[in-house]
Amino acid sequence: MSYWLVKSEPDAWSWQQQVEAGAKGTAWTGVRNHTAKQNLKTMKKGDHVFFYHSGVGKEIVGVAEVTREHFPDPTDKSKMFVAVDLKAVAPMPQPVTLAAIKGERALAEMALVKQSRLSVQPVTAAEWKLVCGMGGLKGV
DNA sequence: GCCAACGTTGGC
DNA sequence: GCCAACGTTGGC
């Protein structure tokens with residue numbers, strides 16, 4: 001299993017909406033960056049994904065799971081980009097803020113810190129474990 | 001509201 | 001193929 005992080009402005013699509021979308025999941029569309037696209041294409045069914053709120057919040061608020069591997073993004077006329085389906089799995093008992101991540105030396109290499117504009121990023125197993133610990137989340 | 005980072009576009 | 005201009009993202 002691989003780990004990832006996706007970003008969304010909660011005004012556009014929030015964790016709450018992801019939760020309300022239910023267990024079938026919804027398409028994660030709108031990615032228009034080739035590095036992010038490549039990450040979407042690498043995602044496998046069952047991979048776990050941190051859900052990060054950019055702009056308002058600036059914190060990891062929950063964990064989602066890939067329920068369908070990449071397919072053409074229906075919102076992309078050019079047919080160049082792809083989407084995956086995600087479903088909400090568990091909220092962070094205590095959201096992990098960007099400030100907290102920046103304050104943790106072991107997380108200094110996270111893409112969230114180093115490539116702040118990338119909207120779909122890989123997360124290492126070590127980073128995943130540490131962030132889950134900071135958020136009080138166990139067993140995902 | 002500003003600005004840094006960075007991707008994209010288009011002239012040459 | 002280079003690079004300046006420009007647009008967007010996202011933190012502060």
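Order of the sequence lines sets the chain letters (A, B, ...), proteins ahead of strands, with each chain counted from 1.
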For nucleotides 7-12 of chain C, 5' to 3', base contacts (B), sugar-phosphate-only contacts (S) and non-contacts (-) with protein non-hydrogen atoms under 4.0 Å give BBBSSS
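In this structure, the ring of A:Phe51 has its center no less than 6.0 angstrom from the ring center of A:Trp13.
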Begin from the C-alpha positions of A:Ser119 and A:Val6 and carry the test side-chain contact (heavy atoms from CB on, under 4.5 Å) through to its verdict. CA-CA 6 Å; A:Ser119 61; A:Val6 297; over 6 Å; no
Working note: A:Phe50 + A:Val131, criterion side-chain contact (heavy atoms from CB on, under 4.5 Å); need CA distance, chi angles, decisive distance, verdict. CA-CA 9 Å; A:Phe50 282 137; A:Val131 170; 3.5 Å; yes
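Neither A:Leu98 nor A:Val49 shares a network with the other; the hydrophobic side chains, linked directly or stepwise wherever heavy atoms of I, L, V, M, F, W or Y lie under 4.5 Å apart, form separate groups for each.
In this structure the side chain of A:Phe81 never reaches within 4.5 angstrom of the side chain of A:Pro72, judged on heavy atoms.
Axis orientation changes by 10° from one end of the helix from B:dG1-C:dC12 to B:dC12-C:dG1 to the other, with each end axis drawn from 5 pairs and the value rounded to 10°.
At distances below 3.5 Å, not a single donor-acceptor pair connects side-chain atoms of A:Asn39 with backbone N or O atoms of A:Met43.
By the side chain to side chain donor-acceptor pair (under 3.5 Å) test, A:Thr75 pairs with A:Arg32, A:Asp73, sequence neighbours left out.
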